[in-house]
Amino acid sequence: MELKIENLEVTLQKNKILNRVSLTVKSGELISLLGASGCGKSTMLKSIAGLLDIEKGRICLDAKEIQNMAPEKRGTVIVFQDLRLFPHMTVEKNIAFPMELKKVPKARQKEIIKKLLEDVQLPGFEKRKIKEMSGGQMQRVALARALACEPSILLLDEPFSGLDEKLRLEMGALVRKLQKERKITTILVTHDKKEALQMSDRIALMSNGHILQYASPTEIFQHPENRQVAAYFGKANYIEGTVQKEQFDSDYISCEAKGYADGKYELLVRPFDVKVIAEGSAVEIREMTYLGETVDLYLQDEKQTFYAQDISARIHAAGLMEGAKAGIEFAPESICLFPEEKE
Ligand SMILES: Nc1ncnc2c1ncn2[C@@H]1O[C@H](COP(=O)(O)OP(=O)(O)OP(=O)(O)O)[C@@H](O)[C@H]1O
């Protein structure tokens, strides 16, 4: 089902939490709401699910307006971080709960539960009590229970944040697989940019109750609409220069700048697109931090500091170390220019 949100406004205790937010999620898409704590991600989910009152705006599922419908009539399901399972009941009873409400016949319930437990890789766990399970297993049960509802929209409110990194990756991959197979329109709330980049068809980056940019992971990472979006996705170097006749020129790099009008700009260069080489002495390696596979480098020339990230083995093989002089090259994967900031 397609979800369309138009000019959504939510005020809680006299504070405007969502300010004219519009967003469309295509049928079968998984999108992430990403952003710092308190920016309004959970409020968006709760508004869609009907768990809090909205002040203005429309929420449509396919062509049907749902903003005035009771939560249970919307067909939306939220999985919260705390999962809200019944600890003293068995896995089977937990998963059966939404089906009981829908009066699905018992025999059919059993078949569905068996298949769901296979899908979430917990075959044969029907009789196990929730309080006897690990955190990762409980996550799988919560997912199975959500899927048992056959939701029109699946809403995931940071469901993996209590897990260690390995389990988080596993759960993320499992959710993505099942969501794709079943073509469930899904919204994932997260403040983990890696998780959002890995899992989503599109990412809506939020700040202070509005959406800064809504785009695919590659688009939002490589072509952030402004410096705030660029900064959210990691460290950035900026190189001042000028565009003339769709050509960007600077002291460090010249490249084609298709679609940009003449003027002064700053070129965004991500740390992995800065190459430090043994030949040359343009920069001094001020600081070098070893991070296992990669190494972080602060490089200084007479004008500015550059931040680089590189493969440790390559830096080691090139004999580069802290305090040494080195050459520098810039090879941005794509061209992203921002108009020069006026002081
Ligand atoms: N019931 C409420 N009454 C008043 N203010 C609320 C209520 N619920 C949330 N808020 C406020 O609304 C703002 C947005 O909260 P929300 O939970 O949507 O943020 P979030 O982006 O999901 O944050 P987090 O990542 O920390 O969960 C916060 O400033 C919060 O304090």
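Residue numbers run from 1 in the order of the sequence given. In each ligand, atom 1 is the first atom listed, and ligand 1 is the first ligand listed.
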Is Ser200 reaching over with its side chain to a backbone N or O of Leu197, donor-acceptor style, under 3.5 angstrom?
no
Numbering as shown, the atoms of ligand 1 that approach Ser37 to under 4.0 Å (heavy-atom distance):
23 (O), 24 (P), 25 (O), 26 (O)
Please check: side-chain N/O of Gln300 versus main-chain N/O of Arg286, any donor-acceptor pairing under 3.5 Å?
no
Just heavy atoms, cut-off under 4.0 Å: does Met206 contact ligand 1 by side chain, backbone, both, or neither?
neither
Can you check whether Val189 has an N/O within less than 3.5 Å of an N/O in ligand 1?
no
What residue and heavy atom of the protein are closest to atom 29 (O) of ligand 1, and at what distance?
Gly38 O, 4.0 Å
Could you list which atoms of ligand 1 come closer than 4.0 Å to a heavy atom of Gln13?
3 (N), 4 (C)
So is there a nitrogen or oxygen of Leu12 less than 3.5 Å from a nitrogen or oxygen in ligand 1?
no
Could you tell me whether atom 31 (O) of ligand 1 has a protein heavy atom closer than 4.0 Å?
no
Flag, side chain of Glu29 to backbone of Lys26, donor-acceptor distance under 3.5 Å
yes
Where the side chain of Glu92 meets the backbone of Lys127, is there a donor-acceptor pair that is under 3.5 Å apart?
no
Between ligand 1 and Lys46, can you find any atom pair, the residue atom being a heavy atom, that is separated by under 4.0 Å?
no
Return the orientation label for the Tyr260 and Tyr265 ring planes: parallel under 30°, perpendicular over 60°, tilted otherwise.
perpendicular
Donor-acceptor check, side chain of Gln179 to backbone of Gly28, threshold 3.5 angstrom: yes or no?
yes
Under 3.5 Å donor-acceptor, Thr190 side chain and Asp192 backbone:
yes
Just by distance, do the side chain of Asn226 and the backbone of Gln228 share a donor-acceptor pair under 3.5 Å?
yes
For Gly40, the ligand 1 atoms whose distance to one of its heavy atoms is below 4.0 Å:
14 (C), 18 (O), 19 (O), 20 (P), 21 (O)
Closest candidate by heavy atom, reference atom 16 (P) of ligand 1, pool Thr43, Thr11, Leu33
Thr43
Considering only heavy atoms of Glu158, which atoms of ligand 1 have at least one such atom less than 4.0 Å away?
25 (O)
Just by distance, no angles: are the side chains of Ser27 and Glu2 close enough, under 3.5 Å, to form a donor-acceptor pair?
no
Looking only at protein heavy atoms, identify the closest one to atom 25 (O) of ligand 1 and say how far it is in Å.
Lys41 NZ, 2.9 Å
Using a 4.0 Å cutoff against the non-hydrogen atoms of Ile17, which atoms of ligand 1 qualify?
11 (C), 12 (O), 13 (C), 14 (C)
May I ask you to list the atoms of ligand 1 that are less than 4.0 angstrom from any heavy atom of Ser42?
17 (O), 18 (O), 20 (P), 22 (O), 27 (O)
Answer yes when Lys194 and Glu165 have at least one side-chain N-carboxylate O distance shorter than 4.0 Å, and no when they do not.
yes
Flag atom 6 (C) of ligand 1 as yes if some protein heavy-atom distance to it falls below 4.0 Å, otherwise no.
yes
